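Heads up, the thing below is written out as structure tokens.
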Amino acid sequence: MSSVIWYLYEFARKSWAEKFTAAKTDSEIMEVPSRFRDFPEVRKEYCIACGACTAACPAPMAIKLVRTSDSAHEDGITYPVINNRGCIRCGFCAEVCPTDPKTLLCGENHLIREEFTILPVDKMFVIDDYLCIRCKKCLKACSEVAGAISEVDKKMVIDQSKCIGCGECIKNCPVKGAVKGIYINNVEEQKEIINMVVDTLEARIEADQDKIKKLAPEEVYKIDYPIDDLVKKAREIIPNDELIRDSIEKITDRLKMRILTWDDEKCTNCRLCTSECPSGAITYDKEKGVQRNPDKCLKCSICYQTCPFGVAGLYVARFLLSDTSLKDGVIQITLKPSQLPIRS
Amino acid sequence: MNLMANILLNVLVAFLVGSVLFGLQRKIIARIQMRPGPPIIQHLLHTLKFFIKETVIPKTAAMPFYIAITVILCSIWVAAVIVGPVSEGSLLILFAIFAIHKIVEHNAGSSSGSPYGKLSCVRAVFSAAAEVPLFAVLLIIYLQTGTMNLADIIAYQGTNGALLFSIPLAAMMFFVLILSKAYYYSPLNITMGKDLVSGFETEHFGMLRGFIMISESIAWYMLLWIFLTVFVGGLTPIGYLAGMIIITALVSLIDAVTPILNPNHSVMTQVTLAFVGIVGSVLMIFYL
Amino acid sequence: MDIQIIYLLYVLAFIIGSITGLVLSYKKYTEPFVRKNIDLAALILALIGWILTINYSLIETLIPYYATITIGIFLIAMVIGMRPGYGRFETVIGFAVAGIIWIIRTVLT
Amino acid sequence: MILPIGPVHPNLKEPLRLKLKTQGERVLSAEIDYGYVHRGIERVMKGKTWQKGIYLSERVCGICSYIHTQTFAETFEKIAGERAPLRAQFLRVLTNELDRIQSHLLANSTYFKCIEHETLFMYMLYLREPVMDAIELLTGNRVNMGWNVVGGVKMDVNQSHLDSIQEIITKLESEFDRYVEMFDHGPMVGLRSHDVGKLTQEEAIKARAVGPIGRASGLKHDLREKHHTYQDNFDFKVIWRKDQDNYARNMNRFDEITESMKLIKQVILNLPEGDVRKKINIPAGYGEWRNEAPRGEVTYSIETNGNLIKNISIRTPSIMNIDACAKYMLKDVATVADAISTYASVDPCIACTERVVIVDESGKSGEYVYPEYKLEYKSE
Amino acid sequence: MLDGLKDIIRKSSIHVCLVSTGGCNGCDIEVVALLSPRYDLEQYGIYVTNNPREADVVLVTGAVTEQWRDKLERIFAKVPDPKIVVAIGNCPLSGDVFNQEGGSVYAPVSDYIPVDAEVSGCPPRPTEILAAILSAGPDAIAAKGRQKV
């Protein structure tokens with residue numbers, strides 16, 4: 001009650017007395033400042049259906065591209081539709097809209113310069129139809145995000161114009177490697193890296209040929225290859241560690257390298273293989289006997305299956321780049337004799 | 001006019017005027033807060049609204065009491081109207097009714113089974129100490145006037161001048177009592193603190209809440225009526241109205257500028273004021 | 001008529017008038033904010049209401065005084081009871097005009 | 001008796017359950033149930049580009065939404081090893097301080113609502129509205145502003161904007177002191193605030209209280225001191241007090257508002273010319289950044305591959321403050337009313353708090369607290 | 001006649017219970033801002049009491065989080081008839097940005113309780129909330145009141 005006194009000073013002021021007698025809600029509450037960002041305004045006629053707005057929108061169900069049906073005279077137009085129940089009024093769609101004049105207007109359009117425009121993806125996602133088991137988990141994951149994956153002719157297909165590169169499909173895919181994220185840029189360099197890695201690994205294994213030949217049918221031969229070596233070489237091709245790691249990981253993941261050994265001592269020059277070899281890598285010479293040219297060899301294993309004397313040996317090398325192996329900085333190579341039956 | 005009609009009439013006037021005074025209280029608080037505030041009849045509209053809302057009895061309610069308490073609350077304040085404006089009976093009965101009101105607060109809190117109601121009940125018990133001044137006021141008035149009858153008190157004031165001036169400290173004690181019954185943000189009304197959601201009436205809603213709100217409006221009217229009658233004397237209806245508006249405005253000014261005291265402080269404040277009031281009044285009566 | 005019934009009438013007139021005023025003003029003004037201009041209809045109501053209430057003795061011969069005051073209070077309440085923010089100036093103007101008339105009347109007679 | 005407060009309660013504006021163990025009116029101890037607002041926004045952010053992430057980050061919390069975007073942007077700038085242009089840094093300070101003012105006013109108004117002093121509650125909101133106007137004028141939105149981007153801010157300001165902000169701040173300054181006086185000297189308000197909800201310095205360190213709560217308990221710790229923009233360009237002093245109670249916490253916030261107003265004036269006076277945004281190439285990497293939010297310090301640690309957010313972890317101040325409240329302030333409080341006002345004085349922000357929920361195998365969820373986290377305090 | 005009177009009373013006296021079911025709480029503070037002297041929700045007879053037992057209007061702000069899935073229905077059941085639900089902001093309508101992979105929200109609210117009116121925006125400005133509540137709220141509640149006899 002005594003705090004009343006502290007208020008008397010306040011109450012004695014003119015502005016307070018005015019408020020006391022004439023308190024009311026002003027019409028100014030309805031005014032919005034000029035920079036206020038309301039829901040985006042869509043001007044259909046300018047839309048080029050690039051999908052930048054849908055790709056950029058951070059809210060999942062705020063923007064949708066729709067297409068009106070074609071009439072007799074002209075094609076239907078495509079334009080974005082804003083769903084007010086999802087739109088968070090950030091104005092990002094207006095910012096990324098590339099048309100001039102803008103299709104989407106939202107408050108004061110911010111500084112939009114060429115260098116700030118967005119490429120939301122730097123990875124392209126593709127579905128490997130061969131590995132795909134059509135579980136549709138990616139479809140489900142994608143339809144909530146971008147709706148880029150659809151089913152065409154019973155195959156899962158990613159629509160690249162809609163893909164925003166979130167990688168949800170990869171996360172949800174139960175099959176390793178069925179969905180691939182491919183770096184769009186530096187394709188040539190990537191190829192080089194792949195070739196380089198495969199070549200080096202192959203060379204490394206073939207250097208141990210003598211030991212491999214002695215392997216018993218169920219025996220496993222292991223080699224550790226230091227990864228730094230590969231990375232160092234790859235860095236000369238392109239200095240992007242992220243990309244290099246990604247490439248090496250992908251290579252070692254799926255690569256099943258066939259190693260073909262050739263034991264000249266066992267050869268009886270029966271020449272069964274020469275006619276079978278599809279690439280002509282095995283030749284017969286009267287002086288030198290049966291010769292194999294490793295450069296031409298496709299490692300198709302036909303010679304291995306044909307030879308009754310076991311001259312050709314086929315081994316399968318697998319590569320492992322696990323966390324433990326990474327700690328040691330090595331790629332683990334595992335070599336096993338092939339289990340392919342030998343034709344008799 | 002027969003008695004029944006008279007009672008009904010007075011109760012109706014008490015309810016309507018009480019509600020409008022509560023609305024006025026809210027309006028003045030709102031204006032002090034520099035905003036337009038609700039219409040004056042808002043409290044009345046709230047009361048009416050609860051009558052047309054669904055009434056559900058919670059599972060936890062202690063059944064006979066849960067409903068009976070609203071009936072008791074209603075009836076004691078109707079009784080107060082009968083003793084007060086209708087028949088101008090004894091002051092003693094009015095104070096007895098006020099004491100019953102306290103019991104009703106306990107029971108309304110505890111019968112609902114809600115933890116908030118229970119705590120409100122605890123607070124009601126707690127603040128019962130603050131009822132001491134009530135009886136002190138009674139005693140002081142008796143000492144001063146030598147009667148307990150309202151009509152006699154009015155007559156006494158007619159000849160000797162308003163009691164407000166002869167025993168101001170008793171008037172102050174009674175005013176504190178009124179203050180503690182104010183509906184909106186009263187510093188002493190700890191049973192209705194928002195930390196207990198709606199205090200003892202948390203689980204009373206629908207029709208029951210409507211009756212509680214009616215009783216509260218009548219209670220407010222009656223408290224103001226008693227204050228004006230006992231301390232200012234018999235007034236004309238316009239006088240009563242003006243007096244009630246003035247007291248309501250004063251109370252709402254105090255409500256607006258004080259936070260709710262915590263229960264300990266609230267009780268201590270009331271006890272301290274009571275002590276000052278009693279000692280001061282006795283001294284004034286005997287030595288002035 | 002019993003004096004208490006008359007007071008009940010006044011109170012009821014005030015409350016019903018307030019509710020009517022509230023409902024009508026919500027129908028008339030639907031925006032959430034308050035416009036500044038003075039409402040002519042409300043002004044007329046306020047004028048009539050205040051004049052009737054304060055100067056009921058003018059027509060006491062035609063209508064009993066309590067009926068005049070009841071109608072007057074009803075009209076006043078309609079203006080006071082309008083949406084918060086409305087009806088303030090009308091009330092003040094009505095009261096002022098009625099007061100002036102009352103003063104003139106009492107001074108003249 | 002266990003008295004449950006919330007999740008829906010007149011004095012709480014955000015859902016949370018406060019279980020007060022009471023004996024009659026006395027509160028013996030308190031327990032807090034979280035989890036009503038956990039939405040998993042960090043997981044939503046993973047795998048998104050930063051351009052989207054910054055809009056998501058401001059939806060971590062609606063009251064201090066601004067500082068989240070700034071910290072997000074500055075984390076990325078740190079990863080890139082660059083800084084925003086100076087003008088953008090100044091504008092960030094401007095918005096940050098405006099946001100701090102409105103947040104503190106809201107926090108104090110909530111406190112006044114909890115001690116049921118509705119008039120001061122209304123006055124605080126009355127002061128807050130022009131500040132909200134200023135924010136809306138500047139950024140285009142009242143709450144979730146969408147104003148920061150990595151490398152600067154979105155929109156430039158012109159003189160007319162600065163003038164109106166200056167005007168609003170001048171008006172606020174002229175009115176502000178009076179309302180502070182009402183709180184500072186009002187005896188009834190004092191009765192509810194002084195010596196209630198004590199948090200001693202040792203307890204504050206133990207509970208890792210930060211922000212105004214820590215500073216009101218005598219910990220002179222304000223991350224703005226270490227922020228490069230503030231360090232290089234601005235002159236301000238850290239507000240702290242030693243009284244350690246509800247009054248101190250509220251007063252501390254009031255004083256910080258005064259300090260913020262000074263900072264805003266400095267911004268308007270010294271705003272340099274230049275770009276407000278520059279292109280920053282973000283490499284892959286990991287970065288961590290701490291900033292002073294209105295409620296304390298907020299930490300972002302982000303791992304990115306240059307474009308997408310690979311991993312993000314947000315640490316907000318309210319978790320420690322609420323912990324401090326439940327453990328130390330709400331032990332042996334005289335009344336339930338005081339317990340609730342003490343809780344409100346901590347300025348809890350539940351949406352901020354509910355960051356990571358670790359669900360163990362039995363299905364029980366609990367809040368994850370970073371165990372190895374260190375705080376640097378200067379105690380004086 | 002009686003219905004008309006009931007309508008008037010229902011329209012002019014509204015108690016509101018604000019239920020925040022998990023959002024960024026921007027909408028909650030915008031509702032608090034509505035109480036401020038500038039907007040003053042109380043002048044329209046709308047009181048924010050946050051007590052479901054006496055509420056007529058349930059303001060839901062927020063996408064429904066795990067903990068709220070059963071509690072929301074329970075709170076709604078506590079509100080006595082006639083009652084309406086107003087969804088404020090995008091969260092209760094669509095789940096806003098949280099309703100994507102990774103988020104643990106179960107929007108929209110209309111899956112759990114019937115929604116009578118909605119205000120979109122993230123968050124909506126106080127005036128938008130005000131205009132929506134005033135234009136839809138009283139009529140909806142009066143209509144609800146008539147359905148129940």
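Bear in mind the structure is a predicted one, so any value in this text is a computation, not a measurement. Chain naming here is simple, since letters A, B, ... match the order of the sequence lines and numbering starts at 1 in each.
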Minimum heavy-atom distance D/Val37-E/Gly23, with the two atoms named: CG1-O, 3.2 Å

Where E/Pro123 and D/Val143 come nearest, the two heavy atoms and their spacing: CG-CB, 3.5 Å

Within residues 119-129 of chain D, residues adjacent to chain E where the heavy-atom gap is under 4.5 Å: D/Phe121, D/Met122, D/Leu125, D/Tyr126, D/Arg128, D/Glu129

Side chain / backbone / both / neither for E/Ile75 at chain D, heavy atoms under 4.5 Å: side chain

Test item: E/Thr65 side-chain N/O and D/Arg39 main-chain N/O as donor-acceptor pair under 3.5 Å: no

Under 4.5 Å from any heavy atom of chain E - which part of D/Arg142: side chain

Proximity breakdown for D/Gln102 and chain E, heavy-atom pairs closer than 4.5 Å: neither

pair D/Leu106-E/Ile29: side-chain heavy atoms closer than 4.5 Å: yes

Structural part of E/Ala63 lying under 4.5 Å from a heavy atom of chain D: neither

Smallest separation among heavy atoms of D/Val8 and E/Pro52, with atom names: CG1-CD, 4.2 Å

Region of E/Thr61 that comes under 4.5 Å of a non-hydrogen atom in chain D: neither

D/Ile41 side chain near E/Phe98 side chain, heavy-atom distance below 4.5 Å: yes

Euclidean distance, D/Met132 CE relative to E/Arg125 CZ, rounded to 0.5 Å: 10.0 Å

Atom CD of E/Glu73: over 12 foreign heavy atoms under 6.0 Å: yes

Residue selection (most heavy-atom pairs with chain D, distance under 4.5 Å) from E/Ser20, E/Pro37, E/Gly26: E/Pro37

Within-4.5 Å side-chain heavy-atom neighbours: E/Cys122 and D/Asn144: yes

Contacting region of E/Asp28 [heavy-atom separation from chain D under 4.5 Å]: side chain

Interchain contact, E/Asp40 with chain D, by part (heavy-atom threshold 4.5 Å): neither

Rounded distance [0.5 Å steps], OH in D/Tyr36 versus CD in E/Glu66: 12.0 Å

side-chain contact (heavy atoms from CB on, under 4.5 Å) assessment of D/Ile63 paired with E/Asn25: CA-CA 7 Å; D/Ile63 305 175; E/Asn25 86 41; 3.2 Å; yes

Test log, rule salt bridge (charged side-chain N to carboxylate O under 4.0 Å, His left out), inputs E/Arg38 and D/Asp133: CA-CA 12 Å; E/Arg38 183 191 282 190; D/Asp133 277 354; 2.7 Å; yes

Heavy-atom pair count under 4.5 Å with chain D, highest-scoring of E/Val105, E/Leu18, E/Val19, E/Val32: E/Val32

Heavy-atom side-chain proximity of D/His38 to E/Gln67 below 4.5 angstrom: no

Pairwise side-chain contact, E/Asn50 with D/His9, heavy-atom cut-off 4.5 Å (strictly under): no

